[in-house]
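Below: one structure, written as structure tokens.
Basis for what follows: all heavy atoms, side chains included, without hydrogens, waters or symmetry-related copies.
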Amino acid sequence: MRKGIIKAVALSAAFMMCINITGCGKSTGKNGKKSDVTSEGTAADKEDEVEPEATTAAGKGNDGSDRPLVMSCEKFSDDVNPFKILEDGDEMAVKATQAFLVTFDRKDQVVFDAVKGETIKYGSKKYKYVGISDVNIKYKKNKNETQYDFVLSHNLKFSDGYSITADDVIFSLYAFCDKSYKGDYSLRNTDIAGLKNYKNGSSDNIRGIVKKSKYEVSVTTYGYDKEMIKKLNIPITPLHIYGSLKKYNYGKGKFGFTKGDISKLKKKETLAGAGPYKFIKNDGKILYFEANTEYYKGCPNIAFLQIKKIESTVIATKIMDLKNGVYDVMSFGSDKTVIDNVTELNSNHEVNGKSMFTKFMDGDSYQLICMNAKNVCVNERPDSTRSKYLRKALAVMFAADRQNLCDNYYSYTAKVINYPYSSTSWAVPESTDESYNEAFTVDEDGAALYEKGMDSNERLDKALEQAKEYFKLAGYDVKDDMVVAVDSTMPTSFVFSIDEDDDKGGCLYEYLMTVSEKLADIGINLKVETKDAEKIEEGVKYKSLQIWNQNFETKSDIDFEDLYYGNYSFEKNIFSIADSDVDELIDASEYMIDYEEKSENYRSILNILNDWAVVVPMFQYRNSIVFNAKTIEIKSMPSDITRYYDWFNEIEKVTMKAN
């Protein structure tokens, strides 16, 4: 059984002439005396104990080409440092040079048995994941505390040959917890037991951070925070480089730096760690790296890596430079202009051609059509069966032609979703699952509404017939194909509020006008009303809207308690759901760590929400990554990349084409 959740780093790339630095087996790094640091702060011989691990990289750092892979970025700092990430290039450099404490799979689930490797299914395929530590998470109900245990592999080394031990983890944890740290890793404001007392000077150490052995560290927090495992996913930085061995003595409450001041850690003019690449130099325009021969997954096939500041902000220029060999890889957001340029410049006019190859991953947001149950109901009973059928009558119309809408307007930059949450979530059924259903595409008996090959008009006409059936079930009369309200508690007019400046709503507005015309044919008035974004936000907050579309942030864990819990405030439960079954399932899920158990609860909630029909899943926006197919062996790229597991997660396997 697997339990609990990496914030994916989207990487972009550029290409330039190779540089004269050495590759694997010819490291130019200056290694001092190779040693471990014990809890007393003294040097010891390097650890010789080795555990077998799965590695699939060639391990030679030489794929037949001296050509470097050059990654583009907007900016990077003059002194790139894991304790001082300011720009996107800094983040990319840290990912290239550091090994991180926790391993996550393609759906952002923790890989608990990462040292020996764990095989996990994604879609119809199974993938093996290997990392630097095994993880165990246990919630202690009697103490209302959660303990995270990390057991490091015994054969880990930094790029300079020093072994990685619990002392490096302890040093890194304390540095990122220090009150003077203000970077991306958000440990200092977490509920680690004893952290507040430590920061306030009431304690010499953090009670919740414990070194259990040379390779074991535990972190204990108050309560349970499902996001905590992500916050603990820090880079394991080498104590002997960034810290001070003289200032490290675990038993005496000394952790490698002056408490309350990590400024000296940030001034180190190097990037050192256990990642796939070793930092060489920074010339102000390019960061230079060479393959790390000690990398725990095997020395990367590509010997040289560069991160280069990007020069142009014009998409057409970027794509042309990519085609002409100026860049190797570039990543973009959900921008159809990118696809238009790639297909125009590829000789086959497709996203994948001899010049450029494109991969897609789920982007930063997804879109839903939302209804407030109290404002779209019959007889002022939002939870009644009749009210649910009323909302289903509208929902089936909104969902009818999503695929054509997506294909015609968004092309590859969005995909249809069928559950009221991001398709990236581990809790959402995959299309290969037996339980997977397309939203609002079957009748009450479960029969499919649409036949393959139907055009937009045919689908909308079929949806309209089903809508009439739902109106009947909601208590309305249908006479001569016209829906008639039996009494004044049955609304026949509705308002759809759409952001007038929402560029992602442009195609939706046209579609809604078509839906409105169809509904008018059966006596239902759907008014599509454009509003200022602030007005819509206010209407959502104070629950004055009937129907609207809204973009939500992509996350792997569902915010059920924020969106659907019955005891809602103004900011929460924007759909005005009050369902005791949903509340009980949310409460039962609160302290669940096991993914399979929690997924079962979550999917039950999704089924209930589908019955309430307050949400019509629309689109997941997708980011694109464009590769130069002339310089990179595309077949060496990992399959099924996601926002949580991108191509760089397997950089050691990627190869360049021979000159």
Side-chain angles (χ1 to χ4, degrees), residues 1-7 100-105 107-115 118 120 129 131 133-152 166 169-170 173 176-177 185-198 205-213 215-234 421 425-428 555-565 567 572 581-606 644:
M1 303 289 280
R2 298 180 290 116
K3 319 170 179 75
I5 296 189
I6 192 167
K7 178 182 177 183
F100 289 75
L101 185 58
V102 189
T103 303
F104 295 84
D105 69 5
K107 298 197 79 171
D108 208 22
Q109 295 176 314
V110 175
V111 179
F112 290 93
D113 301 317
V115 172
E118 186 175 351
I120 302 171
Y129 301 88
S133 71
D134 289 339
V135 182
N136 183 59
I137 306 173
K138 184 178 181 180
Y139 173 68
K140 301 175 181 179
K141 188 175 182 180
N142 59 330
K143 294 183 177 181
N144 191 27
E145 291 183 345
T146 305
Q147 182 170 314
Y148 302 82
D149 292 317
F150 302 96
V151 182
L152 297 171
V169 178
I170 295 290
L173 285 169
F176 290 121
C177 280
Y185 302 102
S186 52
L187 279 181
R188 71 189 188 99
N189 294 319
T190 59
D191 286 329
I192 296 176
L195 177 56
K196 289 183 180 179
N197 288 339
Y198 173 76
N205 58 24
I206 302 172
R207 178 177 73 83
I209 298 178
V210 177
K211 176 183 176 182
K212 301 176 74 173
S213 74
Y215 297 104
E216 295 179 73
V217 174
S218 73
V219 178
T220 299
T221 65
Y222 299 123
Y224 174 69
D225 176 3
K226 61 188 178 185
E227 297 293 315
M228 186 63 197
I229 190 64
K230 292 182 182 178
K231 297 171 184 176
L232 286 168
N233 190 37
I234 59 171
Y421 205 74
S425 174
W426 47 264
V428 172
K555 295 181 180 179
S556 62
D557 204 323
I558 303 180
D559 295 327
F560 280 130
E561 60 271 30
D562 286 340
L563 295 175
Y564 302 108
Y565 198 82
N567 297 324
K572 298 181 179 182
D581 290 337
V582 170
D583 293 350
E584 288 176 10
L585 286 165
I586 290 175
D587 289 341
S589 304
E590 185 176 2
Y591 297 106
M592 282 184 180
I593 297 171
D594 184 272
Y595 284 121
E596 293 179 13
E597 184 181 11
K598 198 168 187 176
S599 289
E600 191 173 326
N601 270 28
Y602 276 13
R603 293 186 182 192
S604 296
I605 296 173
L606 291 173
Y644 309 114

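- Minimum interatomic distance between G223 and T146 (heavy atoms only, all atoms of both residues): O-OG1, 2.6 Å.
- Side-chain contact check for V582 versus E584: every heavy-atom pair is 4.5 Å or farther apart.
- To the nearest 0.5 Å, atoms CZ (F112) and CD1 (I137) are separated by 4.5 Å.
- A heavy-atom distance below 4.5 Å is found between the side chains of N601 and M592.
- Salt-bridge annotation for E597 and R603: absent, with no side-chain N of the basic residue lying under 4.0 Å from a carboxylate O of the acidic one.
- The shortest side-chain heavy-atom distance between K212 and V151 does not fall under the 4.5 Å cut-off.
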Under the criterion side-chain contact (heavy atoms from CB on, under 4.5 Å), I'd like the reasoning laid out for I192 against M228: C-alpha separation, chi angles, the key distance, then a yes or no. CA-CA 9 Å; I192 296 176; M228 186 63 197; 3.8 Å; yes

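- Here the NZ-CD distance, from K140 to Q147, works out to 4.0 Å after rounding to the nearest 0.5 Å.
- Contact check on K231 versus D225 returns a salt bridge, with a Lys/Arg side-chain nitrogen under 4.0 Å from an Asp/Glu carboxylate oxygen.
- Atom OG1 of T220 is separated from atom NZ of K143 by 8.5 Å, given to the nearest 0.5 angstrom.
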Test side-chain contact (heavy atoms from CB on, under 4.5 Å) applied to E145 and Y222, step by step: CA-CA 5 Å; E145 291 183 345; Y222 299 123; 3.8 Å; yes

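- In terms of modelled atom types and a separation under 3.5 Å, the side chain of D134 and the main chain of V115 share a donor-acceptor contact.
- Looking at I120 and V111, their side chains come closer than 4.5 Å, going by heavy atoms from C-beta outward.
- The minimum heavy-atom distance between Y644 and S556, with the atom names listed, is OH-N, 3.2 Å.
- Side-chain N/O atoms of N136 and Y148 include no donor and acceptor closer than 3.5 Å.
- A pairwise comparison of heavy atoms in K107 and V428 identifies NZ-O, 3.6 Å as the closest pair.
- Listed here is the closest heavy atom pair of Y129 and T103: CB-CG2, 4.4 Å.
- Annotation: side chain of Y602 is in contact with side chain of S589 (closest heavy-atom distance under 4.5 Å).
- Shortest non-hydrogen contact noted between S133 and F150 is OG-CD2, 4.1 Å.
- To the nearest 0.5 angstrom, K230 atom NZ is 4.5 Å from D108 atom CG.
- Contact annotation: the side chain of T190 never approaches that of T221 to less than 4.5 Å [non-hydrogen atoms, C-beta and beyond].
- By the 4.5 Å heavy-atom criterion applied to side chains, V210 and V217 are not counted as neighbours.
- Distance CD1/I586 to OG/S604: 12.0 Å, rounded to 0.5 Å.
- Within the model, atoms CZ of F176 and CG of L187 stand 8.0 Å from one another, a figure rounded to the nearest 0.5 Å.
- A side-chain donor from one of Y139 and N144 sits under 3.5 Å from a side-chain acceptor of the other.
- Taking the side chain as every heavy atom from C-beta outward, K598 and W426 approach each other to under 4.5 Å.
- Pairing each heavy atom of S425 with each of K555, the nearest pair is CB-O, 4.2 Å.
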